[in-house]
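These notes are about the structure you will find just below.
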Amino acid sequence: MNRIPVWMDCDTGTDDAVAIMLAHASPELELLGISTAGGNTVQDLAYWNTQRLNGLLGTAYPVYRGAEKPLIRELKIATLFHGENGLGNVNLPVPENAVVPEENAWEALYACAKAHPGELRLVATAPLTNIAIALGLHPDLSELLHSILLMGGSAGAGNVTPAAEFNIHADPHAAGIVFRSGARLFMFGLDVTLQEALTADDLDELGSCGAKAGAFVRACLQCYMKGVRRYGLTGASMHDACPVMYLIHPELFEGELAGVAVELSGSVTVGKTVTDLYSDKQFPFKNATVMLKLDGDRFISILKERILSLG
Ligand code: BDR
Ligand code: CA
């Protein structure tokens, strides 16, 4: 089988952790590297949380340090959903044999894209700071990549403000660079990620099978569950797993090519991904496939199956 080469850029983060686990549990994919950025938690914790996952999974994915803070705005982390340590306050040990590469996130990503011209899928599940820096340093990256599949934005409502989704709101300047880069973009925004959610029963099922990976997912999502209940929701959407799922099961998703621009400065709209889907198509460009529909039941059942396959 020809495996699809994948790079992940994460702010690990509970649902980032689930996305990494899904990638690892998918033989269709070849995960070549993971870079980390500040977002859900500070960069240092996102970095070491990713290494901790290497320990849990028994893997040695190379993990590269990225940006500590957004390009211009201050970093605002999301402890309500991801806990004080980014992994829902679950303590995973740092593996003793953890290797810390010298290259930083953006140089490592560029080198990987050059080694796989036209093939590498970049899955971005954090604020887009690392990707914007990489594109700024290496403008040919947009052509070297097969595509960027990003969890972020929303054609409709936001989650951190009425207008904006967390990853884009955290670093709108970086997002603006990525959306203007000319790279082939797939946007997995709240429009589609909220169509799936793990319920408390799903988590119990994962946690009661005697599998280490499932038990970790149940434990690390307890804090996230408390967070979503405060907003009147009953399930935890695994936003960041959506672009990974698309790579293995694209038939679960429907999207439309549209113009997307990022609001950089509006006092109530900063971070909004203004999406030209519903107007008479006024933007003179169409720069992203905006995902709009998902078979949420299938998504959840495949996600659970793959996590349980990790043992
Ligand atoms: C996004 O924000 C983060 O909290 C999650 O990890 C996900 O990437 C959802 O808005
Ligand atoms: Ca994330």
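Order of listing sets the numbers, starting from 1, for every ligand and every atom in it. The basis for the numbers below is simple: all heavy atoms, side chains too, and nothing from hydrogens, waters or symmetry mates.
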What is the ring orientation for Tyr61 with His24, classed by angle as parallel under 30°, tilted 30 to 60°, or perpendicular over 60°? perpendicular
Close N or O approach (His239, ligand 1; < 3.5 Å): no
For atom 2 (O) of ligand 1, closest protein heavy-atom neighbour: Phe166 CD2, 3.3 Å
Between Asp16 and ligand 1, which part of the residue brings a heavy atom under 4.0 Å of the ligand: side chain, backbone, both or neither? side chain
Cationic N near anionic O, under 4.0 Å, Lys304 to Glu196: no
Can Leu149 be reached from Leu31 by stepping across I, L, V, M, F, W or Y side chains whose heavy atoms are under 4.5 Å apart? yes
Check Val160 against ligand 1 and report side chain, backbone, both or neither, counting heavy atoms closer than 4.0 Å. neither
Taking the six-membered ring for Trp and the single ring otherwise, decide whether the centroids of Phe166 and Phe81 are under 6.0 Å apart. no
Should the heavy atoms of other residues, nucleotides or ligands under 6.0 Å from CD of Glu28 be counted, would the total exceed 12? yes
Using a distance threshold of 3.0 Å, state whether an N, O or S atom of Asn167 lies below it from the Ca ion (ligand 2). no
Which residue supplies the protein heavy atom nearest to atom 3 (C) of ligand 1, what is that atom called, and how far is it? Asn40 OD1, 3.1 Å
Carboxylate-amine/guanidinium proximity below 4.0 Å for Asp202 and Arg218: no
Geometry only, no angles: is Asp11 polar-contacting ligand 1 at N/O separations under 3.5 Å? no
Does any N, O or S atom in Asp16 come within less than 3.0 Å of the Ca ion (ligand 2)? yes
Atom 7 (C) of ligand 1: which protein heavy atom is closest, and how many Å away? Asp240 OD1, 3.2 Å
Asp171/Arg73 ion pair, N-O < 4.0 Å: no
Heavy atoms from other residues, nucleotides or ligands near NZ of Lys281 exceed 12 (cutoff 6.0 Å): yes
For atom 5 (C) of ligand 1, what is the nearest protein heavy atom, given as residue, atom name and distance? Asp15 OD1, 3.2 Å
Should the ring pair Phe188 and Phe253 be called parallel, tilted or perpendicular, given that the plane angle runs from 0 to 90° and is split at 30 and 60? perpendicular
So which of the N, O or S atoms of Asp11 lies nearest the Ca ion (ligand 2)? OD1
At what distance is the nearest protein heavy atom to atom 9 (C) of ligand 1, and which residue and atom is it? Glu165 OE2, 3.2 Å
Shortest-distance N/O/S atom, Asp240 versus the Ca ion (ligand 2): OD2
Determine whether the side chain, the backbone, both or neither of Thr125 has a heavy atom under 4.0 Å from any heavy atom of ligand 1. backbone
